[in-house]
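One structure below.
Proteins get letters first, then strands, A, B, ... in listed order; numbering begins at 1 in each. Every value quoted in this text rests on a predicted model; they were computed, and no experiment measured them.
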There are 2 protein chains.
Amino acid sequence: MFKKGNLLELKSCRTSKNRKAVLDILEKSKNPLTVDCIYNRLREKKETVSISTVYRIMEKLTSNNITSKSIIMDDKKARYELIRDDHKHYIICIKCNQMTPLENCPLGELEKSISMATGFNITGHKLELYGECSSCNK
Amino acid sequence: MFKKGNLLELKSCRTSKNRKAVLDILEKSKNPLTVDCIYNRLREKKETVSISTVYRIMEKLTSNNITSKSIIMDDKKARYELIRDDHKHYIICIKCNQMTPLENCPLGELEKSISMATGFNITGHKLELYGECSSCNK
DNA sequence: TTGGTTGCAAAACGTTTGCATGTGC
DNA sequence: GCACATGCAAACGTTTTGCAACCAA
């Protein structure tokens with residue numbers, strides 16, 4: 001549990017009630033969240049925010065490397081999650097869209113060899129598995 | 001080089017001038033293409049197609065497992081590529097968006113163990129690497 | 001005080017759809 | 001002939017933007 005203000009200051013992002021509230025929601029979530037999901041959770045907390053502000057906050061957080069943005073297959077909404085020390089991959093149910101985190105990332109080694117082979121300066125990667133979760137494949 | 005008509009028949013897809021032309025473009029491309037890119041290439045060839053037809057063709061091809069659809073980071077346009085015998089992953093330049101195919105897929109083994117661990121019936125996966133290509137990182 | 005942040009409404013963008021017409025089989 | 005494919009325009013859902021008011025530093 002970190003201080004939201006600190007995280008923002010660390011990245012030289014001005015603090016605000018909205019930004020702290022968004023960080024709080026992200027921190028408590030085990031999965032990446034869509035903008036409208038974040039927006040709804042803010043509303044539930046009786047925070048009155050406009051949806052465009054949520055979009056702007058997510059863009060800011062992402063460009064400051066506080067969050068990461070991703071788009072899963074067959075769903076055009078972007079999803080955001082806090083960048084934590086341990087980066088995560090998910091296995092996603094093609095029926096219910098639930099995202100389950102995987103234990104660890106198998107790509108560290110691979111990146112080195114691919115970097116050599118392609119001449120790319122590799123900055124990141126994205127890995128998602130898709131399938132039917134145990135509830136949906138009965 | 002396969003016959004476009006055959007591929008469509010094989011998948012019990014009705015053939016048409018437009019569908020064949022789209023398949024021809026996909027076959028000649030080394031990278032996944034966006035709808036508007038396909039649309040423009042059709043226009044260059046003096047084929048008059050409407051953009052909605054291209055969308056419908058891509059949806060049809062994808063639901064018939066002739067093509068696959070994907071969305072890369074920081075670009076909300078979907079990209080399509082022919083499903084060939086060898087399935088591919090790409091390393092994508094974060095500056096110029098160029099997609100370079102990787103040699104092989106390292107995930108076969110991994111899928112099995114994850115399937116065991118999570119109870120998912122795994123149907124597919126998505127792996128993308130991001131970085132600066134050798135032209136852009138000078 | 002000053003420049004970043006917000007709300008609102010409108011616009012932009014990629015994509016989908018309804019409907020009438022055309023076409024492969 | 002009939003089901004499916006197409007063109008056009010309108011609708012859709014997500015995201016972005018212009019502008020005026022607001023607020024953190």
* Asked: DNA chain C in dot-bracket, Watson-Crick or G-U pairs under 3.5 Å, [ ] crossing, | other strand?
  -> |||||||||||||||||||||||||
* Asked: Between dT5(C) atom C1' and Ile51(A) atom CD1, what is the distance in whole Å?
  -> 17 Å
* For Ile71(B) and dT15(D), give me the distance from atom CD1 to atom P, rounded to whole Å. => 10 Å
* Separation of dT14(D) C1' from Asn40(A) CG (nearest whole Å) -> 14 Å
* Asked: To the nearest angstrom, how far is Glu59(A) atom CD from dT6(C) atom P?
  -> 13 Å
* Nearest whole angstrom, please: distance from the P of dT6(C) to the CE of Met58(A). => 12 Å
* **Flag if over 12 foreign heavy atoms under 6.0 Å of CD, Glu132(A)** => yes
* Structure fact -> Tightest non-hydrogen contact, residues Asn31(B) and Met99(B), listed as OD1-O, 2.8 Å
* Structure fact -> Value for CZ (Arg84(A)) from CD1 (Ile66(A)), rounded to nearest 0.5 Å, stands at 13.0 Å
* Asked: Can you tell me if Arg79(B) uses its side chain to pair, donor with acceptor, with the backbone of Ile72(B) under 3.5 Å?
  -> no
* Give a yes-or-no answer on whether the side chains of Asn18(A) and Ser16(A) include a donor-acceptor pair shorter than 3.5 Å. => no
* **Atom-pair distance (OH on Tyr39(B); C1' on dG7(D)), nearest Å** => 10 Å
* To do: Check whether Ile71(B) and Tyr80(A) end up in the same hydrophobic cluster, where Ile, Leu, Val, Met, Phe, Trp and Tyr are linked by side-chain heavy atoms less than 4.5 Å apart.
  => no
* Asked: Does dT16(C) have OP1 or OP2 sitting under 4.0 Å from an N or O in the side chain of Tyr55(B)?
  -> no
* Has the side chain of Thr62(A) got a donor or acceptor atom that lies under 3.5 Å from a matching backbone atom of Met58(A)? -> yes
* Do Asn64(B) and Lys60(B) come within less than 4.5 Å of each other through their side chains, counting heavy atoms only? -> yes
* OP1 or OP2 of dG14(C) less than 4.0 angstrom from a side-chain nitrogen or oxygen of Lys76(B), does that happen here? -> no
* Same cluster or not: are Leu127(B) and Ile83(B) linked, directly or through other Ile, Leu, Val, Met, Phe, Trp or Tyr residues, by side-chain heavy atoms under 4.5 angstrom apart? -> no
Polar atom pairs (N or O), protein with nucleotides 3-6 of chain D, under 3.5 Å:
residue	atom	partner	partner atom	Å
dA3(D)	N3	Arg14(B)	NH1	3.4
dA5(D)	OP1	Arg19(B)	NH1	2.6
dA5(D)	OP1	Arg19(B)	NH2	2.5
dA5(D)	O5'	Arg19(B)	NH2	3.3
dT6(D)	OP1	Ser16(B)	OG	2.8
dT6(D)	OP1	Asn18(B)	ND2	3.2

* **Between P of dT6(C) and CD1 of Ile38(A), the distance in whole Å** => 14 Å
